[in-house]
A.B. asks: 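One structure is given below, represented as structure tokens, and several questions about it will come after.
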Amino acid sequence: MTDPRLLTLLTLVQVKNYTKTAQRLFITQPAVSHHIKSLENEYDIEIFTGKKQFELSKQGQILVEYAIRMVNQSRELTEAISDSLLKKKKLKLGISYEAIALCGKNRLLDYLFEIYNDEAEVLTLPEIEIFAALKQGKMDFAIVDTSYDDETFDGILLEQQQIVPVCATEGKFKEIKRVTRDMLKNNALILGTKGGGMAEATLMSLKQSNINISNVQIFHSNSFYLLGEIIKSKDGIGFMYQDLLEPLHGLKKMDLINFKCISNIYLIFSQNSFDKQTLKSLVKGLKKWKAQL
């Protein structure tokens with residue numbers, strides 16, 4: 001059961017008004033004040049700074065962050081108990097946009113559904129939204145192709161994906177097998193999600209190869225299908241996971257001297273997850289899947 005004081009705090013932070021908070025929670029305004037004061041006394045802190053109305057102190061921010069997590073986990077606990085009575089486990093899985101390259105490989109999703117085999121919600125989201133959902137207990141785990149905070153999350157390396165330069169098979173580079181530095185400097189560059197793992201790994205590798213693209217026109221897309229279409233439309237040079245090439249048509253891999261780019265793909269979950277047994281079974285199954293790669 002969620003501490004009602006935490007619900008009061010979260011509502012007050014949201015609506016920024018004691019009277020409206022009381023009305024929304026069907027309690028009196030003095031009760032709202034009492035809940036806030038009780039929390040401050042218990043933790044010996046001031047929740048608000050006093051400098052600006054309803055501006056959280058550093059300790060107040062920490063308390064709100066944990067309150068969100070506790071309220072969500074209480075809700076998750078209620079759902080988990082209800083599902084267990086129905087002998088069901090509901091999967092809530094987030095996948096970063098480019099990490100989808102791994103999902104059709106070696107029956108990865110089959111392994112996931114062996115654990116969660118009755119009901120599932122699988123979403124493709126930006127990494128920042130995935131990390132927030134995991135922290136708040138709104139998501140069970142995620143597959144991402146970028147680094148993560150190992151003080152907040154645990155994870156297992158699923159695979160390392162190779163990033164390769166590609167072009168249109170019927171474009172101006174159709175007879176060319178190798179990308180040159182001049183070609184990169186004088187043509188549109190097409191990358192994955194801006195700030196995402198695939199794009200960031202590409203840019204870092206280009207920099208390490210001393211390839212300057214500061215004045216190059218760059219296009220980004222969070223859809224690997226659209227990524228391929230932009231490469232063909234702009235007749236430019238793209239960089240993507242080699243595994244993404246197979247389902248796409250009209251693209252070919254090219255070579256680039258001294259360019260070696262690898263991006264790690266992880267399964268991650270919050271260290272505060274309460275469903276340890278399910279996660280333990282999941283990680284065990286994924287280790288078997290990984291051994292077959």
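All figures in this text were calculated on a predicted structure; none of them were measured in a lab.
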A.B. asks: Do I27 and T8 have side chains that approach each other closer than 4.5 Å (heavy atoms only, starting at C-beta)?
C.D. replies: yes
A.B. asks: Return each pair, listed once, that meets side-chain hydrogen bond (donor to acceptor under 3.5 Å, both in side chains) where at least one residue sits in residues 177-191; pairs must be two or more places apart or across chains.
C.D. replies: K172-N187
A.B. asks: Can you confirm whether E246 is buried at CD, in the sense that more than 12 heavy atoms of other residues, nucleotides or ligands lie under 6.0 Å from that atom?
C.D. replies: no
A.B. asks: Kindly give the heavy-atom pair with the smallest separation between C167 and F173, and that separation in Å.
C.D. replies: SG-CB, 3.7 Å
A.B. asks: Could you state the interatomic distance from NZ (K234) to CD1 (I190), rounded to the nearest 0.5 Å?
C.D. replies: 8.5 Å
A.B. asks: Do any N or O atoms from the side chain of S221 and from the backbone of S223 form a donor-acceptor pair under 3.5 angstrom?
C.D. replies: yes
A.B. asks: What's the spacing between I262 CD1 and S205 OG if we round to 0.5 Å?
C.D. replies: 8.5 Å
A.B. asks: Please identify each residue that fulfils salt bridge (charged side-chain N to carboxylate O under 4.0 Å, His left out) with K232, with sequence neighbours left out.
C.D. replies: E229
A.B. asks: Quick check on I257: does its CD1 atom have over 12 non-hydrogen neighbours (other residues, nucleotides or ligands) under 6.0 Å away?
C.D. replies: no
A.B. asks: Does a donor on one side chain and an acceptor on the other come within less than 3.5 Å for T19 and Q29?
C.D. replies: yes
A.B. asks: What residues form a ring pair (Phe, Tyr, Trp, His ring centres under 6.0 Å) with F239, not counting sequence neighbours?
C.D. replies: F259
A.B. asks: Between E40 (side chain only) and I47 (backbone N and O only), is there a donor and an acceptor less than 3.5 Å apart?
C.D. replies: yes
A.B. asks: Could you tell me whether the side chain of P126 reaches within less than 4.5 Å of the side chain of T193, counting heavy atoms only?
C.D. replies: no
A.B. asks: Using a distance-only test with no angle check, is there a side-chain donor-acceptor pair under 3.5 angstrom linking T11 and R24?
C.D. replies: no
A.B. asks: Under 30°, 30 to 60°, or over 60°: which ring-plane class applies to F54 and Y18, parallel, tilted or perpendicular?
C.D. replies: tilted
A.B. asks: May I ask you to check whether N258 and S209 show a side-chain donor-acceptor distance below 3.5 Å?
C.D. replies: no
A.B. asks: Hey, is the main chain of L93 close enough, under 3.5 Å, to the side chain of D140 for a donor-acceptor pair?
C.D. replies: no
A.B. asks: Does CG in N215 sit with more than 12 non-hydrogen atoms of other residues, nucleotides or ligands closer than 6.0 Å?
C.D. replies: no
A.B. asks: Does Q271 use its side chain to pair, donor to acceptor, with the backbone of D150 at less than 3.5 Å?
C.D. replies: yes
A.B. asks: From I231 CD1 over to T169 OG1, what is the distance, rounded to the nearest 0.5 angstrom?
C.D. replies: 11.0 Å
A.B. asks: Which heavy atom of D255 sits nearest a heavy atom of P165, and at what distance?
C.D. replies: C-CG, 4.3 Å
A.B. asks: In sequence, state the C-alpha distance, the side-chain angles, and the governing distance for D145 and S263, and then conclude on side chain to side chain donor-acceptor pair (under 3.5 Å).
C.D. replies: CA-CA 7 Å; D145 61 337; S263 182; 4.7 Å; no
A.B. asks: Would you say I100 and Y97 are hydrophobically clustered, going by side-chain heavy atoms of ILVMFWY under 4.5 Å?
C.D. replies: no
A.B. asks: Count I, L, V, M, F, W, Y as connected when their side-chain heavy atoms are under 4.5 Å apart, and connections chain through other members. Are I237 and Y241 then in the same cluster?
C.D. replies: yes
A.B. asks: For the aromatic rings, using the six-membered ring if either is Trp, is the centroid distance between F153 and F131 under 6.0 Å?
C.D. replies: yes
A.B. asks: Give the C-alpha distance, both sets of side-chain angles, the deciding distance and a yes or no for side-chain contact (heavy atoms from CB on, under 4.5 Å) between E98 and I163.
C.D. replies: CA-CA 11 Å; E98 284 85 19; I163 297 174; over 6 Å; no
A.B. asks: Provide the closest heavy-atom pair for R5 versus S38 in the form atom of the first, atom of the second, distance.
C.D. replies: NH1-OG, 2.8 Å
A.B. asks: For atom CE of M70, is the number of surrounding heavy atoms from other residues, nucleotides or ligands below 6.0 Å larger than 12?
C.D. replies: no
A.B. asks: Are any side-chain N or O atoms of K16 and backbone N or O atoms of Q53, one a donor and one an acceptor, separated by less than 3.5 Å?
C.D. replies: no
A.B. asks: Pair L184, V216 - check side-chain contact (heavy atoms from CB on, under 4.5 Å), show working.
C.D. replies: CA-CA 8 Å; L184 287 172; V216 176; 6.0 Å; no
A.B. asks: Does a sphere of radius 6.0 Å around CG in L123 hold more than 12 heavy atoms from other residues, nucleotides or ligands, not counting ones at 6.0 Å or beyond?
C.D. replies: yes
A.B. asks: For the NZ atom of K135 and the OG1 atom of T152, what is their distance to the nearest 0.5 Å?
C.D. replies: 5.0 Å
A.B. asks: Surrounding NZ of K252 (heavy atoms of other residues, nucleotides or ligands, distance under 6.0 Å), is the total greater than 12?
C.D. replies: yes
A.B. asks: What is the distance from atom CG of L125 to atom CE of M139, rounded to the nearest 0.5 Å?
C.D. replies: 5.0 Å
A.B. asks: Kindly give the heavy-atom pair with the smallest separation between M240 and M198, and that separation in Å.
C.D. replies: CA-SD, 3.6 Å
A.B. asks: Between I176 and M254, what is the shortest heavy-atom contact and its length?
C.D. replies: O-CE, 3.7 Å
A.B. asks: Minimum heavy-atom separation for L25 and L7, please, with both atom names.
C.D. replies: CD1-O, 4.2 Å
A.B. asks: Is there a side-chain contact between V166 and L244 in this structure, where contact means two heavy atoms from C-beta onward sitting under 4.5 Å apart?
C.D. replies: no
A.B. asks: Going by atom types alone, do E46 and S57 pair a side-chain donor with an acceptor below 3.5 Å?
C.D. replies: no
A.B. asks: To the nearest 0.5 Å, how far apart are CD1 in I218 and NZ in K194?
C.D. replies: 8.5 Å
